[in-house]
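Step one of this worksheet: look at the structure below.
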Amino acid sequence: MSVAPKDNPYLAHRHPTQRGAGPSGSNSSALGVKEPLYGFLPRKVGGEQVRKAMENDTNPFTKQPHSAQYKKILESRKKLPVFAQMDDFYKMFTDNQIIVMVGETGSGKTTQIPQFVAYSDLPHTKGKLVACTQPRRVAAMSVAKRVADEMDVQLGRQVGYSIRFEDMTEPGTTFLKYMTDGMLLREAMNDPNLERYSTIILDEAHERTLSTDILMGLLKGLAKKRADLKIIIMSATLDAVKFQKYFSIKSTEAAPLFKVPGRTFPVEVFYTQEPEPDYVEAAIRTVLMIHRAEDPGDVLLFLTGEEEIEDACRKIKLEADDLVNQDPDAVGPLICIPLYSSLPPQQQQRIFDAAPAARTSGGPPGRKIVVSTNIAETSLTIDGIVYVVDPGFSKQKVYNPRIRVESLLVSPISKASAQQRAGRAGRTRPGKCFRLYTEKDFMNELEEQTHPEILRSNLSNTVLELVKLGIKDLVRFDYVDAPAPETLMRALELLNYLAALDDEGNLTPLGGIMAEFPLDPQLAKMLIVSPEFKCSNEILTITAMLSVPNVWLRPNNQRREADAAKAMLSVPDGDHLTMLNVYNEYVNNAHDKNWTWTHYLSARALAQADNVRKQLERTMERYEVEIVTLSDQNKLYANVRQALVCGFFMQVAHKEGEKGNYLTVKDNQVVALHPSCGMDTQPEWVIFNEFVLTTRPYIRTVTEIRPEWLLDFATNYFDLSSFPDGETKRALTRVVNKKAGKANRVEGTADMREAKKRKKNKS
DNA sequence: GAGCACTGC
């Protein structure tokens, strides 16, 4: 084989930024023996060469001898289905810029393909990286750990990962990086060509997270600009054709498909004869039927939410106890374990407990029942599941652009989702899946795929990201699935009112900084303007608190105590200030877990808020957003409320009558203050953080504001000449008239104006 | 007088 020196990094020069790559020089005469990658031409590597290099005693990436563990792991890797297709893979990788790959569960694609790519791409010789994205943090971390072991390197050196709050990579050394899809998107905002990467692998593309979808659009465009960039899209079978068409470089030619079989066991699927009127009741009945009549093996039941799951667990337990009492010899013991994301990690771990042992030796064996949300469909795998009970529902996010509200609805799942659920029964041995709907309904009623997130979300954040990425025409951007134009218009409108985009839709300097914060635009806006109100220290805290899950605990049997504890920490001016107070008290009490416990606060959520706050603080420093505060608390609180208005002026409600009804401004939705609201009065004007649709429409996390602030700080939005008629408009008009009569000479900063108003109110 | 599908930056 003839080797052109200019193509072979191991014969020619070393990249100056690269330490440890290439031959050590002294042994160049013996290159063929000592250098495991001798003769490797970047992107023209074959399977035979790689297998040989893998068997070499020297690690080609560290130049250290391979450990005994390496050889052992290598033997198990060779048994993975994807390993048998190495030659085909390299041929396709050499010949194509973009590949679509489908690999079933157990194929080994997530761990092996990025390594295969590294052997061909040789990113370390060019100062480049191979990236592999994951939708979830834990996946990025644990796969990186596994691959570092497989490659016999230390995690964080040649192989690393990058997730929010944690960068486990070493610049100049890391050449294989697992990362969350959101993290890659964030990098793209400051490096739109993603120059650092020679190959980008999008894993789990079929999950269609918002970030993956945007990345696919971005990469498709990038492929035309950067001929040197290779792209691999990895997905489940059902979506492959769609991705192949989307990524066709020439309009007639689909991207090539690389297919890897999985390694799972068959799952027998059963349907009900008739539709079930009550799926929870039917699910419980089915679980007990399995317990009585089926062979040993654990059961996974999918339900939609916490309450439903806890309720079902209680009922299953009761009925199972009944069965045992009736005939102790007929059925074994049963444990029922709930699983949902808001459960503390320690309790989530219980799903890995073994099933209970038989009560007597030779007696009927015990069984473990896991009752779970969708978390067990993708995020968590439980080994030993043999039976899956699938009622066919899950809670799904839906977005209504007309009233700008995201809500959760219990909806039928898709065929793809049903298939994924069934697959959970076949991970360790052949299993059974009981679908609590008819086969006809499965065939005719279920959608093929769950709608991608981009079609079900408020896109204000995404649109800001896209504009920051340099996408000029959002409507004509090449989406895999284009969102509704109205959703895009709503997002553009919001960003324009927030002054992140000008009237032509161009990014303003303010918008550019807003995009740098990992926050919703409203939060980013109020944080950036808060120094003007001398309260950025407080707004920073509130922003962090609004970015983490609810900090208030309310155990079922201690509701009164929890409510009393909350009342102690509440600030009457509004829930945002209560959040500020809670965080400050948490810090005053030295982050003490005992203190959080006695005040019915979630230590986990508060620690998260602390973490987020630190990250936001760093970003503020980078963009010179000053952190300032005021010593006068009354003035400080008033200023905080004004800064809140600067971000949330589109989420204002006005009280109507004395029955506790509020009308949201402009949208005219009738809403009520959420019962968790801590204010002791019902002020005339409030801003709210969230609109939630449960037993009725509520606004949650609410703070009192003054209508003058709306006119002062959101002049465009509150331009009354274009305002819909109604009581809100009349109330605002009264405010305008009063102002015009009295305050037309008032000038100065916002807090000066506020001080004057306070004085006036007192007199 | 109520709830929190799941992720991610």
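Note that this is a predicted model, so its numbers are computed, not measured. In the text below, chain A, chain B and the rest are named by the order of the sequence lines, each starting its count at 1. Because only heavy atoms are used, hydrogens play no part in the values below, and waters and symmetry mates are left out as well, while side chains stay in.
- Using a cutoff of 4.0 Å between basic side-chain nitrogens and carboxylate oxygens, A/E516 and A/K468 are scored as salt-bridged.
- Nucleic acid contact for A/T378: none, since no nucleic acid atom lies under 4.0 Å from a heavy atom of the residue.
- Within the nucleic acid shown, A/T373 comes within 4.0 Å of sugar-phosphate atoms alone, with no base atom in reach, counting heavy atoms only.
- Across B/dC9, B/dC6, B/dG1, the shortest atom-to-atom separation from the side chain of A/D563 is found for B/dG1.
- The nearest whole Å value for the distance from the CD atom in A/Q558 to the P atom in B/dA2 is 21 Å.
- For A/Q346, there are no side chain to side chain donor-acceptor pair (under 3.5 Å) partners, not counting sequence neighbours.
- Each of A/S342 and A/F517 was matched to the nucleotide of DNA chain B holding its nearest heavy atom; the match closer to the 5' end belongs to A/S342.
- Of the candidates B/dC9, B/dG1, B/dC4, the closest approach to any side-chain atom of A/T180 belongs to B/dC9.
- Here B/dC4 is the nucleotide among B/dC4, B/dC9, B/dC6 with the atom lying nearest to any side-chain atom of A/R700.
- Of the candidate nucleotides B/dA5, B/dG8, B/dA2, B/dG8 has the atom lying nearest to any side-chain atom of A/N461.
- Between A/Y623 and A/F517, the ring planes lie tilted relative to each other; the angle falls in the 30° to 60° range.
- The side chain of A/L408 has B/dC4 as its nearest neighbour among B/dC4, B/dG8, B/dC6.
- Across all strands, A/T209 comes closer than 4.0 Å to no nucleic acid atom at all (heavy-atom distances).
- Annotation: side-chain contact (heavy atoms from CB on, under 4.5 Å) contacts of A/D481 (sequence neighbours excluded): A/R208, A/K242, A/P452, A/L455.
- Listed nucleotides B/dC4, B/dG8, B/dG1 differ in distance to A/N550; the shortest reach to its side chain belongs to B/dC4.
- Between A/D213 atom CG and B/dC9 atom C1' the separation is 16 Å, expressed in whole Å.
- Positionally, the nearest nucleotide of DNA chain B for A/G305 lies more toward the 5' end than for the other of A/D181 and A/G305.
- Look at A/R196 and A/E187 and you find a salt bridge, because one of the NZ, NE, NH1 or NH2 atoms lies within 4.0 Å of a carboxylate O, short of that distance.
- What separates CZ of A/R421 from C1' of B/dA5 is a distance of 10 Å, to the nearest Å.
- Nearest nucleotide to the A/R137 side chain, out of B/dC6, B/dC9, B/dA5: B/dC9.
- The listed nucleotides are B/dA2, B/dA5, B/dC9; the one nearest the side chain of A/Y698 is B/dA2.
- The interatomic distance linking A/N374 (CG) with B/dC6 (C1') rounds to 7 Å, in whole Å.
- Which of B/dT7, B/dC4, B/dA2 sits closest to the side chain of A/K395 comes down to B/dC4.
- If you take CZ of A/R456 and P of B/dG8, they are 16 Å apart, rounded to a whole angstrom.
- In this entry the distance linking CD of A/E406 with P of B/dG8 reads 17 Å, nearest Å.
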